[in-house]
Each structure stands twice: as C-alpha cells, then as structure tokens.
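Report on the structure given below.
In what follows, every heavy atom counts, from backbone to side chain, and hydrogens, waters and symmetry copies are set aside. Lettering follows sequence order; numbering is per chain, from 1.
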Amino acid sequence: MPVMRWGGDPSGGAPYVYADPANPQSYTGFDYEFAEALAREMKMKAEFVPTDWESIVASLQRKEFDVIIDGFEPTEDRAREVLFSKPYYLFRLQLSVKRTDKLISTLEDCKKHGQTVGTLVNCAASRLLDEGGYKAKAYQDPVAAYQDLELGRVDAVLMDVAGEMFYARQNPKLKSVGKPFKTGAYIVGIRKEDTLLLAKVNTAIERLINNGTVERIFRKWQLWDEEQIKLRSTNQPAFEMTNTKLNWSEGLIKLFKAASVTVLLAFGAMMIAVTLGLPLAFGQSNGGPFTRAACTVYIEFFRGTPVLVQLLFLYFGLPVIGITLPGWLTAIVGLGLNYAAYESQIYRTAFKAVPDRQWQVAYSLGMRPLLAFRRIIFPQAFRIALPPMTNDFVALFKDTSTAFAIAVWELATAYRELANATQSYLGIGLVVCCYYLAMSLPLAHYAHKLEQKLQRKSTGILSSGADK
Amino acid sequence: MIRITGLCKNMQNTTLLRNVNLELESGKILGIIGPSGNGKTTLLLSLCGLLPFDQGEITVGNKSISASESTINSEALWEFRKKSGIVFQHLHLFPHLTVLGNIIEAPMQVSHKTKSEAEREATQLLGKLGITQHRNKYPEELSGGEQQRVAILRALAMNPEVLLLDEPTSALDPMRSGDVRNLLREFAHSGHTIVIVSHSVRFLKGIADYLAFMGKSELIEMNTTEKLMNYPDDPRTKEFLRHSELN
C-alpha cells in the first residue's frame, strides 16, 4: 500500500495532533484522525512525521513529508509556496482573558488600553494582530501562551477556537470574552508540483465531508458547529486569505528593534555574570567547606546542563514557587546565572596567576585585604582575565538566541518570524547576520584595543620568580 | 629598634627557626649572612609580620607581637606591619602602575595623603636616586637596578621604622652605586633601622654596622662587622667566611 507521509507539530499541539497522554508512544488529535481517514479514503497508509510548526512549509519543500495537516491555514504568502486543498474545517478566533479581568471584553479593548495579546507564531491570529497594530506576543505553543495569561505576563490570548476549547475553556482561572469571530479554514498543504496528489486529496476530502466522516471526527472533539455546514455548500474556499508581504523598510526596523533587545539581553546578562562570578570564584577558592561545596555545585550545575533547559526551568518552574518574571528578565537572569559559572572559573585562574608576593608587598605597605585586593590584585587579574572574558561575551551575544524558547522577542526570534512569514530565509538571514556582526565586531575590536593597551603595561607577572 | 626573643618556627616537621634572639638599636644597619636555606628570609618575613611563628615575641619600635597574634589577621598585626617595609629579592613591583604610581599608592590609600602631597614626596625620593626621569614609566621598561631603586623607594615612602632588604645584590648592578648606599645610610642615621639579608659578605662589609651569622635555622653569632669579620667565635662562622673570601 502506498504511504501518505504527513507533517504536523506535536509539541503542545493539542487538540490538532499531540502525544496521547494515555499512551505517550502514539499520537492522537483531530488532525491525526483526519489524516488517518484521508489516507484510508485514498487507499494509502498514513505515516506521521513530527516536525516544527514554524518551519513546516520549508520542511514540506525539503520533502520530509508529502502533505501538511496541522490546522494549516491558506495565506497569500503560503500560496506562493504550496497548493491548498479544499477546506476540511472552518475555524474562528476566540479571545480569552483572566477570570478576574474586567477591562477587556473585545479585541478593540486591548488596543484601547494598550494590553498585550498573546497568540501563536505565524497563524491567522498573529497576522490579524500584526496588521491591526496590536501589542502582540507570539508563542511557540498554546500551553505557554495560556500559562503566561494566568501569570499575567500577557493580558489576553487570541487563538483558534480549537486551541481555546482544549486549553482555556476548562481552566477556572480564565474566561472567554465575546463571540468567536473571523472565519478561517484548515486545509491540506501540498507541494506546488504535486498537482495529481492535490486532485486526489480534494476528491477524498469531498467524500469525507459528504459521508459524514469529518462531522464524526469533529463532533468527537466537540468542535462541530453550524459554521461547518458551509463546507458542503461551497467548493470555493469560504475564508479570507490574510496577506503578509514583506515590506523591507518595515522589516529592517523590526529587526533593528529585535537587535536592541538582543543587546539589552547580552549586556544585562553579562553584568550579572561578571558581578556574580566574583563571589563564586572567591567562595570556591577561599571559602569554608560548606561555601566551597555550594559554589562548586552551582558552577557544575550551570556548566553541566544546557542553557536552554535552564531558561525553560526558570520561566515555567519559578512561577510554581510564586516567582513570576517577564520573559526578557528571565532571559537576562538565566543567561547571567549561567555565564557567572564560566566567569568564576576565568577569575579563579586569573587570581591564581597573580603571585602571592603581590599580596605580601601590599600587606607590608599597610594595606588591608580588601584594599590590597581592590587596588593591587584585581587590576592585575583583570588583565589576565580580559581575553577569555571577551570571548565569553561574544559567545553570550549568540546565546541570547536561546531566549526564543521563552517567547522573548529578540533577533533570532524575529528572524524566524519574518523568514517564516515571507519564506525569505536567505535574504533576511543575511541581514540578520549583518546585525549580529555589527554588534559583535566592534565589541571584539574594542576588547582587543583594551588588551593591547594593558599588555603594554605588563610583564611583572612574567618576571615573578619565587623568593628563596 | 628591633628585639627578637625566643623565636621558633616549624613547618611540617621541619624547623625553620630555632630559638632566635636578637637585639638592634635604632640607627644601625645589620647584615645577616649564612648559606642559603638556613632561615634568613624566614626571619625577615617574620620580622615584618608576613609569616606567622610558633613561639617567641618580636618587637619593632613600640609595637610587639606574640606568636599567637602573628597567626591571625588581628588589629595588632596590622599595626605591627606598618612598622617595617620590605624589599623582596625579586622586587615584585606593581606591574599595572607607573614608577610614580608604585611609590604613591600606599601613602595615598593607607596614609590618606593627598595626591599632590604624595607626589611631592615621591619626586623628592626619586631625585635622591636620580631616576626622576622614569617617573611615568612602567616597571617593565626599567633595568633591574632601576627597578630595585623603585622597590626601595616604594617601601621608604611609607616611612617605616625598619627597612628589610632580602638579597639586594642579586639584582644587577644595584647596591654598588653610591647613591643607594648613601640613601640607606641617610635613612639609618635619621634614627631608622635596616636589616639586610645577603650571601655577599663583601657587600655587607661596606655598609653594615653589625653582622649576624645564621646556620642550620639558628642565629649562631652576632657582633660588630669589624669583630665578626676578623675574630669570629664559632668554627662554623670561620668556615663560612673562609669560603666566601675564596669566592
């Protein structure tokens, strides 16, 4: 039997396609059931290929699978890249807020009060918010969006009814406001050249709608409503196509804003790292047994686990114990804590490289430890530490891109967002690289200059034999 | 004035100093001679409060520390350290500071002198050793002899009661020159005390009022330079002097 490989994103993808909680080895969801039915109708065997939502079109082009079935909506930009089947479901958008919220009853209220609306990246809702000029925040998955709504990191969430049904409707801390609005359609996405497959898929969808299979599936997921009658009456797509053409000048401004967030993250995190590294280094080399052990545990923990995991842990884990930081602050703190571990090791070797006799000379001149450290030891150690610290700072600049995982809108996130919306990975990618270089090259240059300046003054460290 | 009574120092089952007793009045220069590895530098470090000792007491001027006070950073120890200045064998100038910076750092930071006051005094000192023109250079730009002068001035700038010098002849050219000797003599004559550790008897002969011979962690004998050179009491002193004359 021929195989129909279909792509969808199972991460936080309920109720479309997601790992079955009762049996995590397999998947479930209305898209999963629809794909099975569609393949059966075409006398094919369905094979699910898990993929990433944001780059789902690019993965289709790369032939990782043959069709997209993942609550996929037709848009103008996608129309350039993929063929659309007939719609198999008509969705609408639903706004949710906190149960205690009294301010917001429509989307317009959000704009009026300057409230931030959360949604998924690259979907009908995000485009609507973009075009309407709303303050929006785009998430990778609905779980994070609704969780942040609960925690007050966003003021409202706009999402397809399907997602809203599954994640928000049952949540006692949230409520839906207003009626569902703006009809859109879920369709099957197919590669441009596969016109034969498109014809087969369209015939199959038509049959599935007429024989009631589609209705059965969506009723099961409690998503069937009177709107779906339109599926039978019309062959024309009964939906509006949203438009996203890349406006280059606006795109550049958007990237510039994102770049400034990246700069903020990098400098903020480095400040924490540079400061916190000092007590860590000191505690590890000079502290009592307990301090020493605590510092070592800290350092090994942060060096031994991925920074991405640490960020996710801080973002989703800390609210459990009542600490809720906004995403950008979480990124600064998380990266700062992480890099502090590395800085501490740089400091430690740098301090070791300053001869003990320098302390003794300082003491013999009547200096107390703090003064000796500040005026004599630290400046010498700093000179030794500067080159590896510069390295770390440049690395940190690039590591800020991990902040996309916690929905911080920085340069890498902006790249994914713009490139996915426009399918212009190459052009925008080059621009983004230029932005990164424009930030890191001056930094490296300045650090090099500083090193040279300090180098000119040195050698005492080299000529430091031990006295007999 | 220096007084050392019953000074003992052990480290990991090795005796570094065994019951050292010594007294030196103000205005005098003492040279300590002896083969290397016999506790000369250890004695010097204890004398300026940088090395804890196990028994005994050290008095410099009007400040004394006991063995127990020497082991922890106490107020008494901080005060005691101010009494003496030390010039290490390898000098250990502050590489990140200029010549002037090295000299005025402690007067400004510890004695809280104003910058202009500290600089005026430093310039005076530099003038005595003829290295004023180097005031804005960094230590690495100086010759070994010049570096040594800066290290001496750095210690003198704090106006210590006692100046300690560890193996000053190992720096190239250094103490041969008259102006350094003159500076040290002038310092001693103004009522200060100087202790110089050196293996070079010839150098000490020309400058020290007293000589002490150390061997096997003990102070074996001490006398005026004249007497110790010509009429040593102990056979070990005789042996050492005979060897150093041969060299």
Top contributor to chain A interface from B:K82, B:R154, B:Q109 [non-hydrogen pairs under 4.5 Å]: B:Q109
Heavy-atom pair of closest approach, residues B:P168 and B:F203: CG-CE2, 4.0 Å
Residue selection (most heavy-atom pairs with chain A, distance under 4.5 Å) from B:E79, B:E105, B:K40: B:E105
Flag, side chain of B:T59 to backbone of B:S64, donor-acceptor distance under 3.5 Å: no
Proximal component of B:A157, with respect to chain A [non-hydrogen, under 4.5 Å]: neither
Contact origin within A:L371 toward chain B - heavy atom pairs under 4.5 Å: side chain
Intermediate values then yes/no, side chain to side chain donor-acceptor pair (under 3.5 Å), A:Q380 and A:R383: CA-CA 5 Å; A:Q380 297 184 46; A:R383 224 169 27 195; 5.1 Å; no
A:F256 atom CZ, over 12 foreign heavy atoms within 6.0 Å: no
Euclidean distance, B:M214 CE relative to B:R18 CZ, rounded to 0.5 Å: 10.5 Å
Portion of B:L51 that has a non-hydrogen atom of chain A nearer than 4.5 angstrom: neither
